[in-house]
Number of protein chains: 2
Amino acid sequence: MSRATLRDVAKLAGVSVATASKALNGQPQVRAQTRERVVRAAEQLSFSPNTLAQGLITQRSGTVGLLTSDLEGRFSIPILMGAEDAFGSDQTSVFLCDARGDAIREKHHLRALLSRRVDGLIVVGARPDTRLSLGELPVPVVYAYAPSDDPADLSLVTDNVGGGRLAIDHLIRCGRRRIAHITGDPGYSAAQDRARGAVERLAEDGLGLAGGEVWFGMWSEAWGRGATRMLLERTPEVDAIFAGSDEIARGVLDVLHEERIEVPSRVAVIGFDNWSVLAGNSRPPLTTIDLNLEHLGRIAAQRLSAAMDGEPAAGVETFPVRLITRESTAPLR
Amino acid sequence: MSRATLRDVAKLAGVSVATASKALNGQPQVRAQTRERVVRAAEQLSFSPNTLAQGLITQRSGTVGLLTSDLEGRFSIPILMGAEDAFGSDQTSVFLCDARGDAIREKHHLRALLSRRVDGLIVVGARPDTRLSLGELPVPVVYAYAPSDDPADLSLVTDNVGGGRLAIDHLIRCGRRRIAHITGDPGYSAAQDRARGAVERLAEDGLGLAGGEVWFGMWSEAWGRGATRMLLERTPEVDAIFAGSDEIARGVLDVLHEERIEVPSRVAVIGFDNWSVLAGNSRPPLTTIDLNLEHLGRIAAQRLSAAMDGEPAAGVETFPVRLITRESTAPLR
DNA sequence: TTGTAGGCGTTATCAT
DNA sequence: ATGATAACGCCTACAA
C-alpha cells in the first residue's frame, strides 16, 4: 500500500491535477461525469490528500499542541480527553507533550510544536496553583486547570472555593452542625481555597469548624486516618467530616469503620475529586465533589478554536464543580 | 511575534535562501563569517523552520500516531508516557487519538493520521485481549498491550501467565501452602492467564488452590470483599490470597481487617497492577505485580523507530512483569 | 564559497 | 468545464 499523489489520480482519471483537485474538493465548476471519474480513480488508488502540503498553502496545520506537566496525574487526563473530544470531530489533531514538570523539557516541546506550526496550544498544569506564562507566542494559548500568572492570558480553572462551599452546604442540609475539615498539603491553593469556601459557608449559618481548625496535612489515605484518630480524640461529638480529597476520605472512612462509628448515620463523610476507583468502591460509596474536568477540557478546546478564528479572550474563567451524592452522607433523622 | 521564513532570514543576512539553508543546517561549504551572519539573522527574527515544508521534501513528517482505545484506563497512560518519552521530542512528535473503543471513531482517526503522513503508528488496547488488526497500512504499526490477531503484525504484550507464576512463587517462598486466588471477569484473557500461571506454579510444588477453584468475578473492591467472605467461610485455613488486581486486593484486605485476621502474619495478600494509589496506601501497603507498562511503551517506540528505518518485525513479544514487595506479604515464622 | 533552479503535493488564479 | 501556472517554505543538485 504505497502513496498515491493527486497527480496519479489525475493521470488515471485522464484530467489535469487542477481539475482533480476541484473534483475532490466539491468545487462546483466541474462536470458531474468528470467528478465521478476522478472520485473513482481516487478510491482505486486509495488516495489520501497530503495534509502537510495543504497546510503549506492554507497556512493552517490543523493541529494543536497539548502541553501537560504530568500525564500520570489524574487531573490532566480528563481535561485532555475533553479537549481531544471537542477537537476530534473537527479536523484538528492533537500533539501530546508531557513536560514532566520540567521547565527545560517544556521549552523543548514548545519549540518543536511551534516548528510543527500548531494552530494553537493548550497548557494543562498538574495542580491548580498559578504557573508561569509562556509569554507571547505566535499562536493562541489557553491555560487549563493551572492558571497563568499573566492576566493577559486566558486561563480556565475550577472553582475550589465554590467546591468547599458546596460540600459544607450539603452537610448542613443533611442537618449536620459539628463539621470538621481534613485536607491536604497547605501549600496547595486547592487546599486553601476549599478550606476557605468551607469556612465561609459555615459562617453563613453562624457555625465554625468542629475542633476549631482546618486539619491540613498530606494528600494521602494515611493522613486521613491519622487526622481522623486525632480528631475523634479531641472532638468526639463531630457529626460530619469534609475531606479535601477522596484519598483522604478513604482514610477517614477506614478509621470510622474501625471505630465502629456508623457512616452516615452518626458521622457523614464527603470527599473531593470524584476519583471513581476510590469514591465508587468505598464502604459506603462516597459522596464527593466532581471537578467537571472533562468539561473544562472541552471548553478549553472551544476557546482555543475561537481564538484561532480571531476571537481571543483573556483573564481567568472559573467553572463550577458539582456534588455527586452517594451513600456516605444522608439527612440526620 | 509573527512568523519569519527562511527568505526573511536570507534577506536580512544579505545572502540567498540556499546559503541561508546551508548555514543553518550546518553544511560545511559555507564561510564561517557568513554562517555567523545568517545565524544571527535567524535569532533576530526568532526564525523557526517550518517542519511541514521540510516534511514535504524529506517525505518524513517526524510524527507518529498513538491510537488508544481508552484514555482514562490506567493501562494506556503509562504506555503512552513511555512511548512519548522514548521518541526524543526533537525528532518525533506524537499525535494522540482516543477512539473510546469505537471502531468507527478509530477508522476516522486512522484516516486523519495517514493524511497527516505520520511515519508510524502505535496502537494501544484497553485490555490485554487480542484485537483486530488494522490491516496493511502504508506505515509501520506496533500493537502494545492488546496484541493484533494477525501474526504478521508486531505485538508487544505483558506476561500475565508469568505474573501469576511470580505471585504464587513469592507466596510459596514465604512459606504459604494454602493459597487462594480471587480474580476478575473470566472473560478477560488477563484473568485467565494469571490464573493459569498461578495454577501451574502451584502444581510444581504439588499444590492446588486452597478451596479448589479460582474465584472469578469482577474487577472491583466489592467483589474482593464478597469473595473473601465466602472464602473464609468455606476455607478458613487459607494462609495466602492472590488477588487478580489491586482493587480486588483492597477488598480482600478490608474484610481481613474487619475479621481481625492479621496481614501478613496469618494471611498474606498479594495484588496485581501496582496501581500506586491503591497499593501504596492500603493497610498494610500491598505487595503486588508491576506490569512494567512504561517500559513496554518505550520498547514500542523503539520497535517502531526500527521499522520506520526499514527493519520491520512481526509476531508477539512478551515482556516480563516484576514483583513489588511491600508489607502485605512476609515469611511465615 | 555562493547563487540559481527545480521540485515536494496542494490549491488558487487565471486563461482557454 | 478544464488546464496551465504560480505560489506555500524548504532543500539539494548543479552552475557560477
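Side-chain atoms are counted along with the backbone in the values below, which use heavy atoms only and exclude waters and symmetry mates. Numbers restart at 1 for each chain; the letters A, B, ... are given by sequence-line order, proteins then strands.
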Visitor: B:Ser48 and A:Ser115: side-chain donor and acceptor closer than 3.5 Å?
Guide: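 Short answer, no.
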Visitor: Just the rounded figure in Å: distance from C1' of C:dT10 to CG of A:Asp8.
Guide: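 After rounding, the gap between these two atoms is 13 Å.
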Visitor: Can A:Arg31 and A:Glu36 be counted as an ion pair, charged N to O under 4.0 angstrom?
Guide: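 No, A:Arg31 and A:Glu36 are not salt-bridged.
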Visitor: Using a 4.0 Å heavy-atom cut-off, write out nucleotides 1-9 of chain D from 5' to 3' as B (base contacted by protein), S (sugar-phosphate only) or - (no contact).
Guide: SBBB---BB
Visitor: Would you please say whether a donor-acceptor pair under 3.5 Å links the side chains of B:Arg116 and A:Ser93?
Guide: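 Looking only at side-chain atoms, A:Ser93 and B:Arg116 do form a donor-acceptor pair, the distance falling under 3.5 Å.
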Visitor: Using atom types as modelled and distance alone, determine if a side-chain donor or acceptor of A:Asn25 lies under 3.5 Å from a backbone N or O of A:Gln27.
Guide: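 Checked: no pair found.
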Visitor: Establish, from distance only, whether the side-chain atoms of B:Ser133 and B:Asp153 form a donor-acceptor pair under 3.5 Å.
Guide: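 A donor-acceptor contact under 3.5 Å links the two side chains.
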Visitor: D:dT12 P sits how many Å from B:Asn25 CG, rounded?
Guide: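 Value for this atom pair: 7 Å.
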Visitor: Decide, yes or no, whether a salt bridge links A:Glu106 with A:Arg131 under the criterion of side-chain N to carboxylate O below 4.0 Å.
Guide: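 Salt bridge: yes.
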Visitor: Taking the inter-plane angle between the rings of A:Phe319 and A:His295 on a 0 to 90° scale, is it parallel (under 30°), tilted (30 to 60°) or perpendicular (over 60°)?
Guide: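 A:Phe319 vs A:His295 ring planes: perpendicular.
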Visitor: If an axis is fit to five pairs at each end of the helix from C:dT1-D:dA16 to C:dT16-D:dA1, what is the angle between the two, to the nearest 10°?
Guide: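 Taking the rotation axis at each end, their angle is 50°.
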Visitor: Salt bridge check: are B:Asp70 and B:Arg105 linked by an N-O gap of less than 4.0 Å?
Guide: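 Here B:Asp70 does not pair with B:Arg105 in a salt bridge, since their nearest N and O are not under 4.0 Å apart.
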Visitor: Could you state the CD-C1' distance from A:Gln27 to C:dT11, rounded to the nearest angstrom?
Guide: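 Result: 9 Å.
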